[in-house]
Amino acid sequence: MTEKTQEKTLAELAPPDHECRLCGYVYETKKGDAKANVPPGTLFSELPSGWKCPVCAAKPNQFVSIGATNAPSGFKENLNYGFGVNTLTPNQKNLLIFGGLAVGFVFFLSLYGLG
């Protein structure tokens, strides 16, 4: 009996970003580090040996993986379905959901002004 391989979302396939525990700086793989001449696409594990946080000069061991932050959370084959929300990142989806709730609440409160 063969086991079916687990499908992974685009966020799970994307390289993870890393955050400095001391100052909160986020190293994004897709951006690199222009100050230290680290080209975009350089994985955190492939940074030069002398690389330090550009904000507080912390060593790489002070960074923690926070996962992919700017990748769609869905599967590649589903990105073209729906109303376009499948291509949104998790942060964009949160903004859309909670922003819509806030606008709805404001409209609800505005009904009291009609009376």
Side-chain angles (χ1 to χ4, degrees):
M1 207 165 149
T2 61
E3 288 188 32
K4 187 176 180 180
T5 58
Q6 183 77 16
E7 289 187 69
K8 293 187 177 187
T9 64
L10 291 174
E12 292 172 329
L13 294 173
D17 294 336
H18 290 74
E19 182 178 19
C20 179
R21 290 186 281 173
L22 301 178
C23 69
Y25 168 78
V26 176
Y27 174 79
E28 295 181 47
T29 302
K30 72 175 191 171
K31 291 183 180 177
D33 182 9
K35 289 184 180 180
N37 294 325
V38 176
T42 303
L43 296 174
F44 189 79
S45 59
E46 298 172 351
L47 288 172
S49 60
W51 184 86
K52 293 183 179 179
C53 176
V55 176
C56 68
K59 294 182 180 183
N61 63 358
Q62 293 296 321
F63 281 73
V64 63
S65 175
I66 58 172
T69 56
N70 291 319
S73 57
F75 296 98
K76 186 176 181 180
E77 58 270 5
N78 294 336
L79 292 180
N80 296 325
Y81 293 104
F83 297 107
V85 295
N86 290 338
T87 59
L88 297 177
T89 64
N91 289 338
Q92 292 170 328
K93 287 180 183 177
N94 285 339
L95 182 63
L96 182 66
I97 292 168
F98 293 113
L101 287 173
V103 168
F105 184 70
V106 168
F107 282 143
F108 176 75
L109 288 180
S110 70
L111 293 174
Y112 286 108
L114 295 176

If you take all heavy atoms of [X] and [Y], which pair is closest and at what distance?
X	Y	result
Thr29	Pro16	OG1-O, 3.4 Å
Thr42	Pro39	OG1-O, 2.7 Å
Val64	Arg21	CG1-CG, 4.0 Å

Between NE2 on residue His18 and CG on residue Leu43, distance to nearest 0.5 Å: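 Going from NE2 on His18 over to CG on Leu43, the span is 9.0 Å.
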
Members sharing Val55's hydrophobic cluster, built from side-chain contacts under 4.5 Å between Ile, Leu, Val, Met, Phe, Trp and Tyr, are Tyr25, Tyr27, Val38, Phe44, Leu47, Trp51, Phe63

Quick one: are Pro40 and Lys31 in side-chain contact, heavy atoms under 4.5 Å? no

Tell me, please, which residues at least two apart from Leu22 pass side-chain contact (heavy atoms from CB on, under 4.5 Å).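 Cys20, Cys56, Ala58, Gln62.
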
